[in-house]
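Contents: one structure, followed by commentary.
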There are 2 protein chains.
Amino acid sequence: MDRKVATIQDVARAAGVSTATVSRTLSKPAVVARTTRDAVLEAVAQTGYRVNATASNLRRQRTGSVIVLLPNLANSFFAQILSGLASVLTPAGYGMLIADTQSGPDPDQRLAHYLSSGQADGIVVLDGALSPAALSVPGRPPVVCACEWMGDAVPSVRVENERGAALAVGHLARLGHRHIGHVTGPGDNVLTQTRLHGFRAALDRLGLPMRADWVLEGDFTMDSGAAAARAWLAMQDRPTGLFLSSDEMAVGFMGEVQRAGLQVPLDVSIVGFDNIEIAQHLSPGLTTIRQPRTDIGARAAELLLGMIETGANDVPSEIIEVEFIPRSSAGAPPKVR
Amino acid sequence: MDRKVATIQDVARAAGVSTATVSRTLSKPAVVARTTRDAVLEAVAQTGYRVNATASNLRRQRTGSVIVLLPNLANSFFAQILSGLASVLTPAGYGMLIADTQSGPDPDQRLAHYLSSGQADGIVVLDGALSPAALSVPGRPPVVCACEWMGDAVPSVRVENERGAALAVGHLARLGHRHIGHVTGPGDNVLTQTRLHGFRAALDRLGLPMRADWVLEGDFTMDSGAAAARAWLAMQDRPTGLFLSSDEMAVGFMGEVQRAGLQVPLDVSIVGFDNIEIAQHLSPGLTTIRQPRTDIGARAAELLLGMIETGANDVPSEIIEVEFIPRSSAGAPPKVR
DNA sequence: ATGAAAGCGCTAACAA
DNA sequence: TTGTTAGCGCTTTCAT
């Protein structure tokens with residue numbers, strides 16, 4: 001019962017036709033005669049034949065898979081984008097190869113490696129810290145990035161980061177906050193820069209002070225949010241409201257503040273960014289800016305598939321809308337200062 | 001500058017040797033003469049040659065990739081296991097193909113599909129709800145499951161689930177709880193069953209009552225944890241301590257209880273399972289059972305690689321230890337009942 | 001130590 | 001509508 005896997009030859013023999021006909025039956029059924037088709041299908045069923053993807057790919061000069069480059073697989077943020085990517089790649093017959101840029105030595109080199117390895121028909125870049133310079137590889141496959149990136153070297157799916165920051169600041173201001181701080185992501189990340197820019201611009205527009213010592217650097221993790229909270233607690237003159245560049249940091253910040261015996265939003269108002277699943281399950285619920293990560297992944301995949309199929313290399317980039325999600329972690333500022 | 005990608009032929013020509021020699025130089029350098037080797041390497045560098053993995057795989061009758069089947073990519077639980085898998089698969093030269101069992105119609109059918117598709121040299125199953133019966137496919141590749149599974153149809157990497165449950169219950173009992181409840185995962189999941197069994201056994205051992213109405217069914221998600229909390233709040237006669245089968249549920253439970261105005265652990269003690277990142281950032285910190293998910297992934301990958309390389313099909317399964325992580329979400333039971 | 005040659009399993013011209 | 005045929009790029013006997 002453990003006999004060799006059937007090849008197209010076996011099917012052809014069983015159906016009494018040529019291998020070409022078998023191949024056609026399977027790829028463009030419309031072009032073969034009804035009777036032949038039935039015979040072939042029957043033979044396929046009998047032999048348990050499955051096309052050998054490797055052989056097919058070799059012949060068709062493609063690989064049937066897409067590489068996804070991301071900085072940190074363990075981060076749930078990327079998991080959701082992956083989910084979106086998979087939802088369009090899988091039905092389209094593409095495999096999704098995951099590569100962690102942080103696991104090797106030089107991330108940029110990894111990118112270069114994959115670009116020239118010919119191992120994929122396309123690449124999705126999710127690492128905002130990679131250098132666009134690494135892209136200049138001769139016969140490289142199409143690349144889409146699902147993250148902010150310097151310049152327009154590559155079509156991308158981005159999010160309204162500046163507007164998100166503005167929504168966050170606007171909400172705090174509307175609640176009466178006039179001392180608003182910010183916790184950023186890592187300095188070299190483009191998301192960090194865009195949101196910080198949005199934050200500054202919003203304060204400016206509202207005529208609120210932008211104090212350098214109220215801008216703390218984090219790295220998007222919960223730990224860095226907790227660290228920011230400790231820094232905030234140690235301040236003489238604290239901002240009453242904070243916009244944090246990621247929900248994870250907001251979670252870390254809020255937990256630390258609460259463990260220090262203060263209350264949110266009584267003592268400090270918090271607005272995050274992402275709307276991760278836990279945001280609504282915290283107490284108080286985390287006010288945040290939603291970015292639809294599954295959609296981001298799905299759109300990126302669609303863009304890439306389009307590029308792969310048409311060969312076009314300059315698809316227009318896309319901007320995905322963000323949405324303000326009011327919950328309870330932001331309220332009026334404390335009366336006494 | 002955009003000329004075709006170099007093939008092994010081009011290299012052979014440039015180095016003045018046969019393609020066989022080029023191939024040998026690249027795979028078993030020891031077997032070619034020093035001078036030839038240098039010439040070949042030089043030619044490789046000049047042409048920018050990279051072996052075509054598809055052709056190589058076709059010839060060698062392998063695929064160079066491993067399929068990972070999981071129920072839900074968006075769940076951070078799996079993301080960490082993936083991270084562990086990638087950390088050994090990538091260096092070993094295997095690609096990691098991700099497949100979401102939930103996205104299609106019948107998950108079991110998906111498994112069967114991949115088993116017979118010949119698209120991978122091995123498969124890692126992370127979905128505890130798949131039926132082992134689906135495994136009986138003639139020439140299927142090696143399979144490892146990194147999750148509890150019925151029987152020993154397949155080598156697996158598991159976690160001391162029963163002991164974890166016992167640790168949780170033991171901790172609550174030691175704190176003085178005599179009314180202990182449990183929130184399970186989905187009924188058809190093997191993790192659910194094992195932990196529930198461990199829960200029951202522990203109560204038994206301690207001579208504590210096991211009340212059926214104190215066992216609530218969840219599905220591992222935060223939402224289901226919140227739902228369990230509402231059910232708990234509505235009870236006449238509530239357990240004072242709860243063991244929840246996942247941290248995500250514990251998070252949902254705790255948030256809901258807090259939003260209802262009760263305090264943890266003053267009004268109810270909570271112990272989770274997993275030690276997800278957020279556990280330490282909550283307020284109070286979540287007491288839980290740690291399972292090292294990255295290790296689980298890494299060990300599963302090692303097991304699978306061993307099977308692929310040796311052809312062995314009955315590697316011994318492995319059990320990964322769990323660890324009790326005390327934090328503040330469990331305390332003494334309320335005085336008044 | 002090296003080369004010649006035979007495919008791996010499939011698809012796509014081109015013919016018929 | 002179907003069959004014949006020529007590879008896709010590589011690895012691996014088998015000779016030399």
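As the structure is a computational prediction, the values presented were derived from the model and not from experiment. As a basis for the values below, the full set of heavy atoms in this structure was taken, side chains included, without hydrogen atoms, waters or symmetry mates. In what follows, chains carry the letters A, B, and so on, assigned in the order in which the sequence lines appear, proteins first and then strands, with residues in each chain numbered from 1.
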Compute the bend angle of the helix from dA1(C)-dT16(D) to dA16(C)-dT1(D) from the end axes (five pairs per end), rounded to 10°. 30°

Ignoring hydrogens and angles, tell me if any N or O in the side chain of Ser116(B) forms a donor-acceptor pair with the backbone of Ala112(B) under 3.5 Å. yes

Hey, what do you get for OG1 (Thr47(A)) to CD (Glu42(A)), rounding to the nearest 0.5 Å? 10.0 Å

Atom CG of Asn57(B) and atom C1' of dT12(D) are separated, to the nearest Å, by 15 Å

Could you tabulate the donor-acceptor pairs under 3.5 Å formed by side-chain atoms of residues 15-22 of chain B, not counting sequence neighbours?
{"unit_1": "Ser18(B)", "atom_1": "OG", "unit_2": "Ala20(B)", "atom_2": "N", "d": "3.3"}
{"unit_1": "Ser18(B)", "atom_1": "OG", "unit_2": "Thr21(B)", "atom_2": "N", "d": "3.3"}
{"unit_1": "Ser18(B)", "atom_1": "OG", "unit_2": "Thr21(B)", "atom_2": "OG1", "d": "3.3"}

Do the side chain of Thr54(B) and the main chain of Thr54(A) share a donor and acceptor less than 3.5 angstrom apart? no

Hey, which sits more toward the 5' end of DNA chain C by its nearest nucleotide, Thr21(B) or Leu58(B)? Thr21(B)

Heavy atoms from other residues, nucleotides or ligands near CD of Glu321(A) exceed 12 (cutoff 6.0 Å): no

Whether Gln61(A) contacts dG9(D) is assessed here as follows: a side-chain N or O lying under 4.0 Å from the phosphate OP1 or OP2. Is that the case? yes

Check every strand shown and say whether Thr54(B) touches a base, only sugar-phosphate, or nothing at a heavy-atom separation below 4.0 Å. nothing

Could you check whether any side-chain N or O of Arg24(B) sits under 3.5 Å from a backbone N or O of Val31(B), counting only pairs where one atom can act as donor and the other as acceptor? no

Short question: side chain of Asp219(B), backbone of Pro186(B) - any donor-acceptor pair under 3.5 Å? no

Judged by atom type as modelled, is there a donor-acceptor pair below 3.5 Å linking the side chain of Ser65(B) to the main-chain atoms of Tyr94(B)? no

Roughly, in whole Å, what's the span from CG in Asp10(B) to P in dC8(D)? 11 Å

How long is the line joining CZ of Arg13(A) and C1' of dG9(C), in whole Å? 13 Å

Per-nucleotide protein contact string for nucleotides 10-16 of chain C (B base, S sugar-phosphate only, - none; heavy atom under 4.0 Å): BBBB---

